[in-house]
Every structure is written in C-alpha cells, then in structure tokens.
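For reference, the structure is listed below as structure tokens.
Starting from 1, each residue takes its place in the sequence as its number.
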Amino acid sequence: MKRVISTLFIATFTLFAAPALAAEAPMTVEGAVTVDVAKAEELFNDDAVVFVDPRKKSDFDRAHIPGAVHLDIKGKSTNMTEASLSEAVGGDKTTKIVFYCNGPSCPRSANSCVKAKAWGFSNLFYFRDGIPAWEAAGLPVE
C-alpha cells in the first residue's frame, strides 16, 4: 500500500508540479542587463527605449506597459521573429530593448532576450519581475 501511495505521489508531482517548476524564469540572461522595477521605469521614461511584451495576446490585452510592442514569442499573428523585432526598433540593432512578461514564473522574456542576442541585437534589458511588479509599483498600464 505504501508503495502505491508513493508511486501515485510521484506520478502526480511529475504531471502537475514539475512543469510549473520548470517554467521558472532565470535570474539573469547572458547578454542582457537584468533590471528591477525602478530601472525599468527609468528606461520607460527614455523615449529611445522600446519595450517588448512577448506574452500571449490575451495577457497583453489584459494589461501591458504603455507603448509596448506585442511580439508573442510563441504566437502566430504577432510572432517575434528577427524581422518583426528589427521593424519594432526601426532597423537599429543597437536600440535599447526591454523584454518583460508575467514575472518570475514566466520564461518568455528571458527566452526573448536569448533570441534577440542570437540575432545580433546588442542593447538588451531583462525585466524579470515584469508586469506584476510594474502594476504593484502603481505604474501605468494600458
């Protein structure tokens, strides 16, 4: 009986808890500067900085940082590609880009930084705490 319960626990953990743990965003991303909400706000106040939101459309539609470009890293219609990211920054791969998503449990912004770096973009910022920290700080959302 003990063995059955143990096996059931392991199976349940593998199906439900393990995927959630795997989705944890990294603390840093090589080639990007990790920023907190204060630095993200400072960057937001610089008109030359582009904020990119790689979340799914329903999350973006619920609330996003004003002026952010929606480029869903997993999407089909607003897909983040080298061309779409380049278009978002006016073709200048040295433009400052801030990637954010749904906070520490969402790896989309980290994955976007990795892709952007591989495509030759060089001025990348990783706002790991994302929209939850932005809203908690009372900063504007659309």
Side-chain angles (χ1 to χ4, degrees), residues 3-142:
R3 184 173 174 90
V4 171
I5 292 172
S6 253
T7 303
L8 183 59
F9 172 78
I10 291 169
T12 302
F13 179 82
T14 302
L15 283 173
F16 298 104
L21 294 175
E24 184 73 15
M27 295 299 290
T28 61
V29 175
E30 188 174 333
V33 176
T34 302
V35 298
D36 61 9
V37 71
K39 182 63 176 177
E41 180 183 19
E42 181 183 316
L43 289 162
F44 175 75
N45 290 322
D46 180 344
D47 291 337
V49 178
V50 175
F51 276 69
V52 175
D53 186 326
R55 299 176 302 156
K56 61 186 178 181
K57 184 167 177 10
S58 60
D59 286 345
F60 180 82
D61 289 346
R62 182 193 62 79
H64 60 271
I65 294 173
V69 177
H70 180 236
L71 296 175
D72 187 341
I73 193 168
K74 295 181 181 180
K76 298 197 184 338
S77 62
T78 55
N79 194 17
M80 190 177 101
T81 63
E82 182 177 0
S84 64
L85 185 56
S86 184
E87 182 180 332
V89 299
D92 183 356
K93 289 189 173 187
T94 65
T95 298
K96 291 179 181 176
I97 306 170
V98 178
F99 290 98
Y100 73 92
C101 58
N102 287 328
S105 65
C106 180
R108 287 177 178 234
S109 57
N111 295 340
S112 297
C113 284
V114 169
K115 281 190 171 203
K117 175 77 173 153
W119 293 331
F121 293 87
S122 60
N123 221 340
L124 307 174
F125 296 85
Y126 171 47
F127 181 25
R128 182 179 188 265
D129 295 331
I131 199 76
W134 187 267
E135 289 180 306
L139 296 168
V141 294
E142 294 182 327

Check the angle between the aromatic planes of Phe121 and Trp119 and answer parallel, tilted or perpendicular using the 30° and 60° thresholds.
perpendicular

Tell me if a side-chain donor or acceptor on Asn123 pairs with a main-chain N or O of Thr94 at a distance below 3.5 Å.
yes

Could you give the distance from CG (Asp129) to SG (Cys106), rounded to the nearest 0.5 Å?
12.0 Å

Around atom CD of Glu142, are there more than 12 heavy atoms of other residues, nucleotides or ligands at under 6.0 Å?
yes

Give me the atom names and distance for the closest heavy-atom approach of Ala133 to Val37.
O-CG2, 3.8 Å

Tell me whether Tyr100 contacts the main-chain N or O of Ala40 through its side chain, where contact means a donor paired with an acceptor under 3.5 Å.
no

By side chain to side chain contact (heavy atoms under 4.5 Å, CB included), Thr34 pairs with (sequence neighbours left out) Thr28, Tyr126

May I ask you to decide if the ring planes of Trp134 and Phe44 are parallel, tilted or perpendicular, using 30° and 60° as cut-offs?
perpendicular

Taking all heavy atoms of Gly103 and all of Pro132, pick out the closest pair and write down the distance.
N-CD, 3.9 Å

For Glu41, does its backbone N or O pair with a side-chain atom of Asn45 as donor and acceptor, under 3.5 Å?
yes

Spacing of Ser122 atom OG and Asp92 atom CG [to the nearest 0.5 Å]
8.0 Å

Of all the heavy-atom pairs spanning Phe127 and Asp36, show the shortest one and how long it is.
CE1-C, 3.9 Å

Does Lys74 have any side chain to side chain donor-acceptor pair (under 3.5 Å) partners at least two apart in sequence or in another chain, and if so, which?
none

Return yes when atom NZ of Lys93 has more than 12 non-hydrogen atoms of other residues, nucleotides or ligands closer than 6.0 Å, and no otherwise.
yes

Mind listing the closest non-hydrogen atom pair of Asn79 and Ser84 along with its distance?
O-OG, 3.0 Å

Candidate pair Val114 and Phe99, rule side chain to side chain contact (heavy atoms under 4.5 Å, CB included), full reasoning:
CA-CA 11 Å; Val114 169; Phe99 290 98; over 6 Å; no

Would you please test Ile131 and Arg62 for side chain to side chain contact (heavy atoms under 4.5 Å, CB included) and show each step?
CA-CA 11 Å; Ile131 199 76; Arg62 182 193 62 79; 4.2 Å; yes

Within a strict 4.5 Å, meaning less than it, do heavy atoms of the Leu85 and Ile97 side chains meet?
yes

What are the two closest non-hydrogen atoms of Pro26 and Arg128, and how far apart are they?
O-NE, 2.9 Å

Short side-chain to backbone donor-acceptor contact, Arg55 and Arg108, under 3.5 Å:
no

Reference residue Lys57; test side chain to side chain donor-acceptor pair (under 3.5 Å); the match among Asp53, Asp59, Asp61
Asp61

Answer yes or no: does atom CG of Asp47 have more than 12 heavy-atom neighbours from other residues, nucleotides or ligands under 6.0 Å?
no

Glu87, CD: over 12 other non-hydrogen atoms inside 6.0 angstrom
no

Heavy-atom closest contact (Leu71 atom, Met80 atom, distance):
O-CB, 3.6 Å

Value rounded to 0.5 Å, distance of NZ in Lys96 from CG in Leu43
6.5 Å

